[in-house]
Amino acid sequence: MRHLLGIEGWRRDELEAVLDRARAHLPGGPDTTHLLRGKVVANLFFEDSTRTRTSFHMAARGLGAGVLDWSPSGSSTSKGETLLDTARNIEATGPVAIVMRHRSSGAPHLVAKHVRCVVINAGDGTHEHPSQALLDAFTLRQRWGSLDGRTVLIVGDILHSRVARSNLWCLKALGARVIVCGPPTLVPPGLEALGAEVTHNLDAVLPQADAVMCLRLQLERMSEAFLPSTREYSRLFGLTTAREERMKAGALVMHPGPINRGLELAPAVADGARSVILEQVSNGVAVRRAILEVCTS
Amino acid sequence: MSATVLFRRGRVIDPRNGVDGVRDVLVRDGKVAEVSDTPLPVPPGAEVVEAAGRWVLPGFIDLHVHLREPGEEGKETVLTGCRAAVAGGFTAVVAMPNTKVVNDSGLVTELVLSRARAANLCHVYPAGAITKGLKGEELAETGELVSSGCVAITDDGRPVMNAALMRRALQYATMFGVPVMVHEEDLTLSAGGAMHEGSVSTRLGLRGIPASAEVAMVARDLVLLEETKGRLHIAHVSCEGSVRLIREAKRRGLFVTAEATPHHVILDDRAVGDYDTHAKMAPPLRADRDVEALREALVDGTIDAIATDHAPHGVLDKQVEFEKGINGIVGLETALGLTLELVHAGLLDAKRAVELLTHGPAKAFGLPGGHLAPGAPADITVVDPLEEWTVDAHRFYSRSRNTPFHGRKQKGRVVQTWVSGRKVYADGQVKESR
């Protein structure tokens with residue numbers, strides 16, 4: 001048994017083992033409903049989520065597990081119960097794994113120190129979103145076979161993105177070059193030390209990318225004046241149809257969702273031939289089955 | 001209580017008086033009577049402390065301690081804080097005013113002093129608030145606070161964001177000769193931050209507090225200090241930029257003093273590890289270059305004192321999500337060991353280390369003690385510089401256990417603490433006399 005708290009710290013061969021295993025969980029694969037039969041997976045989502053929550057739910061059911069879907073509304077957290085008490089109480093009901101999303105970076109790490117079952121991070125604050133990074137890497141491997149020598153450009157609000165951090169670790173571990181691009185106010189310091197190349201000029205690096213991963217601009221944070229306007233952001237960092245034309249032949253467009261259409265990504269690009277956005281979602285279930293299988297085995 | 005005590009053949013380090021060598025120290029009636037480089041005869045009835053191989057030092061003075069009383073007695077009281085102090089070799093502590101009720105009036109000052117008298121362990125010097133209720137809106141009654149016994153004014157825990165008010169505080173305090181002690185943090189720059197802004201905060205996905213949040217306020221207050229000809233003490237300096245500004249201000253003759261905590265000179269932001277709330281504090285643990293700058297500042301005199309910012313908190317304040325964790329750690333019982341780490345590593349000489357714990361703080365706040373000349377208060381700390389031990393938070397005298405140093409190996413330990421000629425700590429035990 002092993003927690004999945006983040007991609008940081010996982011070796012390449014360990015990541016590849018999960019990705020290789022995910023292939024067996026694609027639609028049409030062998031029956032895997034016996035793998036967690038009689039077990040329960042607890043989904044603790046302290047924060048709203050559509051894709052990840054549904055995907056983990058489907059993944060657990062696909063492995064034969066029962067799913068405890070927990071959310072803070074109507075729970076004892078509204079009465080002031082601490083995170084640890086909530087987690088311990090859920091653990092006491094006997095799940096094999098806790099899948100957890102929380103708005104605070106590091107919250108799953110705290111829980112993992114105090115429970116005996118597996119903890120899987122389904123997104124913590126602005127830290128990591130490891131299952132998203134794995135499904136992104138899985139999608140790229142499906143297209144390319146290997147990530148070695150490929151360049152992935154991550155564009156947008158890097159500061160507030162847990163997807164960017166997990167992808168940075170994951171893509172680097174799998175052999176890709178990673179460039180991150182965004183306005184200086186939305187790019188945190190020290191990314192170079194973590195292995196990324198940093199630029200604020202999208203047009204300069206766009207032609208180098210084999211895949212462009214657009215991140216959601218977190219509009220709820222706009223009140224803090226990270227940007228003068230969404231209009232200016234879109235002009236400088238939006239993946240418009242004009243920019244798409246300057247991309248490498250065959251280069252892919254990705255987005256972890258939800259998309260602000262017309263802002264970080266033009267609708268025609270989001271739905272265009274380069275886009276693998278819905279493949280990412282579909283692959284998510286297979287990858288999360290593999291995560292549950294590997295972590296609980 | 002023994003009226004006469006002879007400390008025999010210890011290494012006396014008394015930086016103010018230029019002493020560093022084997023001496024006998026005779027204490028009579030609560031004061032130092034004689035310091036001699038030749039053995040003194042044992043006076044009749046005297047208690048003899050055989051100090052060969054040990055350091056006999058002026059009692060340590062901590063300019064920055066949170067005793068939590070009144071209001072948060074579950075975390076600490078004046079009594080438990082004093083026990084922790086003497087166990088750590090401190091014979092005097094300055095108590096911060098951010099209690100609940102805030103010490104912004106003579107009544108609260110007198111309450112703290114009466115609790116200290118009842119504890120009867122070490123000297124407690126209250127600091128009063130700069131502004132009423134620490135709200136940063138109106139000046140508290142500095143005159144009343146000082147006449148009631150406050151030795152400094154500070155809104156510690158919070159900065160005075162209003163520059164005009166800060167200017168007036170510096171001007172007004174000049175009437176009373178007390179330092180204005182400042183927690184330097186521009187709240188618009190630190191807002192939402194949980195740790196130092198740098199590659200570690202980026203890796204952990206935690207909102208960072210840039211060094212500029214401190215440095216900008218230090219710059220502002222030094223400008224105001226120069227204009228007002230006041231007296232400024234900068235608490236818990238944490239960054240290279242602040243050190244540079246303070247050094248330059250001292251060179252120009254401004255009346256500025258500064259302190260650094262042991263944790264800021266020992267740990268950097270990597271100590272946060274995987275979200276360890278015991279490494280969460282304000283100001284946050286900074287980058288390694290900041291730690292390096294602080295160490296240089298300890299050596300060259302830019303920093304005047306080592307102060308612990310002893311900040312007791314309960315388990316529930318720390319066993320939470322990192323962003324929710326309350327800032328601060330306890331420090332009284334680990335200060336000496338951490339300071340000696342620098343000495344044993346050759347980064348700080350023993351005399352300067354002792355100065356930072358004794359004469360440095362005494363001079364910064366104009367407090368009695370901090371040296372061992374005849375006539376000085378017999379506040380004495382005896383240290384075994386070679387004793388190896390392991391920090392065990394469960395054995396702290398403080399009511400709280402929040403420290404990142406639990407389990408850390410230390411070399412050098414306080415073996416006895418004497419206050420006004422009375423033994424208050426020895427053999428690992430606080431000696432109460434109430």
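Letters go in sequence order (proteins before strands), and every chain restarts at 1. The figures here come from the full heavy-atom set of this structure, side chains too, leaving out hydrogens, waters and symmetry mates. This structure is a prediction, so every number in the text was calculated from the model and none was measured.
Under the side-chain contact (heavy atoms from CB on, under 4.5 Å) criterion, A:Asn201 pairs with A:Thr199, A:Asp203, A:Ala204, sequence neighbours left out. A:Asp48 is linked by a salt bridge (Lys or Arg N to Asp or Glu O under 4.0 Å) to nothing, counting only residues two or more places apart in sequence or in another chain. For A:Pro258, the side-chain contact (heavy atoms from CB on, under 4.5 Å) partners two or more places apart in sequence, or in a different chain, are A:Arg51, A:Arg216.
Taking the side chain as every heavy atom from C-beta outward, B:Val182 and B:Met166 approach each other to under 4.5 Å.
With hydrogens and angles disregarded, no donor-acceptor distance shorter than 3.5 Å links the side chain of A:Glu232 to the backbone of A:Leu227.
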Pull every donor-acceptor pair under 3.5 angstrom between chain A and chain B and give the atom names with distances.
| from | atom 1 | to | atom 2 | distance (Å) |
| --- | --- | --- | --- | --- |
| A:Glu8 | OE1 | B:Arg203 | NH1 | 3.1 |
| A:Glu8 | OE2 | B:Arg203 | NH1 | 3.1 |
| A:His102 | NE2 | B:Glu321 | OE2 | 3.2 |
| A:Ser104 | OG | B:Glu323 | OE1 | 3.1 |
| A:Ser105 | OG | B:Gly205 | O | 2.6 |
| A:Lys113 | NZ | B:Asp274 | O | 3.4 |
| A:Thr126 | OG1 | B:Gly205 | O | 2.4 |
| A:His127 | ND1 | B:Tyr275 | OH | 3.0 |
| A:His127 | NE2 | B:Tyr275 | OH | 3.2 |
| A:Arg165 | NE | B:Thr202 | O | 2.5 |
| A:Arg165 | NH2 | B:Thr202 | O | 3.4 |
| A:Pro189 | O | B:Thr202 | OG1 | 2.5 |
| A:Glu224 | OE1 | B:Arg207 | NH2 | 2.5 |

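Of the listed residues (A:Gly190, A:Ala193, A:Pro188, A:Pro189), the one with the most heavy-atom contacts under 4.5 Å to chain B is A:Pro189.
Rounding to the nearest 0.5 Å gives a distance of 10.0 Å between CG of A:Leu140 and CG of A:Leu135.
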